[in-house]
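Side chains are part of it too, since the values below use all heavy atoms of this structure and drop only hydrogens, waters and symmetry mates. Bear in mind the structure is a predicted one, so any value in this text is a computation, not a measurement. Nothing fancy with the numbering, it's 1 onward along the sequence.
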Amino acid sequence: QVQLVESGGGLVQAGGSLRLSCKASERIFSQNVMAWFRQAPGKEREFVAGFTSSQGATSEVDYVKGRFTGSRDSTTNTMYLQMNSLRPEDTAVYYCAAGRHATRRTGDYDYWGQGTQVTVSS
């Protein structure tokens, strides 16, 4: 049973914008902390942005601060990642994840989406 579904990836030129969406089941959305990770070719999956609690604010890694913004809509059980000023180094598969604790470690998240490809051309 698929419980997290991402969408919104694509090909964009450097400096452009994309908005990723992650639709979750109501149970997962209300009972877990949500986060975004990404994995570039040949690299480990890394934390990008996430919520500090099931109702809390977002936290982003330094290299996306000021460019990426996380948000959520509890009426539709959907999490978003607005990505502006995209750079070629942002190219990766982006995953949404849900877990019981707001950490930046992949092992602490129990549910994962299938991923959506983001490609930024120079």
Side-chain angles (χ1 to χ4, degrees):
Q1 181 181 359
V2 177
Q3 304 194 70
L4 294 175
V5 180
E6 300 103 334
S7 62
L11 173 64
V12 64
Q13 288 188 332
S17 299
L18 285 172
R19 188 176 81 154
L20 305 184
S21 301
C22 174
K23 174 75 171 174
S25 68
E26 182 178 1
R27 179 181 66 82
I28 288 179
F29 194 85
S30 63
Q31 297 180 9
N32 291 272
V33 176
M34 305 287 291
W36 289 100
F37 288 77
R38 70 185 184 186
Q39 187 167 19
K43 295 188 177 181
E44 294 186 351
R45 194 169 298 187
E46 61 182 7
F47 175 88
V48 176
F51 290 85
T52 56
S53 70
S54 62
Q55 305 293 330
T58 57
S59 170
E60 297 90 13
V61 293
D62 287 346
Y63 47 82
V64 304
K65 279 184 178 178
R67 301 190 298 125
F68 292 10
T69 303
S71 63
R72 53 191 287 154
D73 183 349
S74 59
T75 64
T76 60
N77 302 323
T78 303
M79 176 177 68
Y80 299 98
L81 184 68
Q82 178 66 44
M83 305 187 294
N84 299 325
S85 302
L86 282 161
R87 304 167 181 169
E89 55 263 40
D90 295 318
T91 295
V93 177
Y94 284 71
Y95 297 89
C96 68
R100 299 296 300 275
H101 305 287
T103 76
R104 299 185 175 190
R105 298 186 296 268
T106 57
D108 289 332
Y109 288 82
D110 302 311
Y111 304 95
W112 291 86
Q114 81 285 0
T116 186
Q117 177 70 47
V118 171
T119 303
V120 185
S121 63
S122 58

Verdict with reasoning, Met83 to Arg67, per side-chain contact (heavy atoms from CB on, under 4.5 Å): CA-CA 6 Å; Met83 305 187 294; Arg67 301 190 298 125; over 6 Å; no
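- A pairwise comparison of heavy atoms in Cys96 and Glu6 identifies N-OE2, 2.8 Å as the closest pair.
- Looking at every heavy atom in both residues, Ser122 comes nearest to Ala14 through CA-CB, 4.4 Å.
- Rounding to the nearest 0.5 angstrom, the gap separating the CD atom in Glu60 from the CG atom in Leu81 is 8.5 Å.
- Between Phe51 and Thr58, the shortest heavy-atom contact is CE2-CG2, 3.3 Å.
- A side-chain donor-acceptor contact under 3.5 Å links Lys23 to the backbone of Thr76.
- A cation-pi arrangement is found for Arg19 relative to Tyr80, the charged atom lying closer than 6.0 Å to the ring centre and inside a 45° cone about the ring normal.
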Audit row: Thr78, Phe29, side-chain contact (heavy atoms from CB on, under 4.5 Å) steps and yes/no: CA-CA 8 Å; Thr78 303; Phe29 194 85; 5.6 Å; no
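- Within the 4.5 Å cutoff, side-chain heavy atoms of Phe68 are placed close to those of Asp90.
- Taking each heavy atom of Ala102 and Val33 in turn, the nearest pair found is CB-CG1, 3.8 Å.
- Between atom OH of residue Tyr94 and atom CG of residue Leu18 there is a gap of 9.0 Å, rounded to the nearest 0.5 Å.
- Rounding to the nearest 0.5 Å places CD of Gln117 at 9.5 Å from CG of Leu11.
- Atom CZ of Arg72 and atom CG of Asn77 lie 9.0 Å apart (nearest 0.5 Å).
- Residues Glu46 and Tyr63 form a side-chain contact, since some pair of their non-hydrogen atoms from C-beta on lies under 4.5 Å apart.
- Under the 3.5 Å distance criterion, the side-chain polar atoms of Thr91 are matched with a main-chain donor or acceptor of Val120.
- The closest side-chain heavy-atom distance from Met79 to Leu4 is not below 4.5 Å.
- When all heavy atoms of Ser59 and Arg104 are compared, the closest pair comes out as OG-NH2, 2.7 Å.
- Checked for salt-bridge contact, Lys65 and Asp62 meet the test: a charged N lies under 4.0 Å from a carboxylate O.
- Of all the heavy atoms in Leu20 and Trp36, the pair that sits closest is CB-CH2, 3.7 Å.
- Contact check for Arg45 versus Trp112: side-chain heavy atoms found under the 4.5 Å cut-off.
- Here OH of Tyr111 is found 8.5 Å from CZ of Arg100. Values are rounded to the nearest 0.5 Å.
- Thr52 contributes atom OG1, which lies 14.5 Å from atom NE2 of His101 (distance to the nearest 0.5 angstrom).
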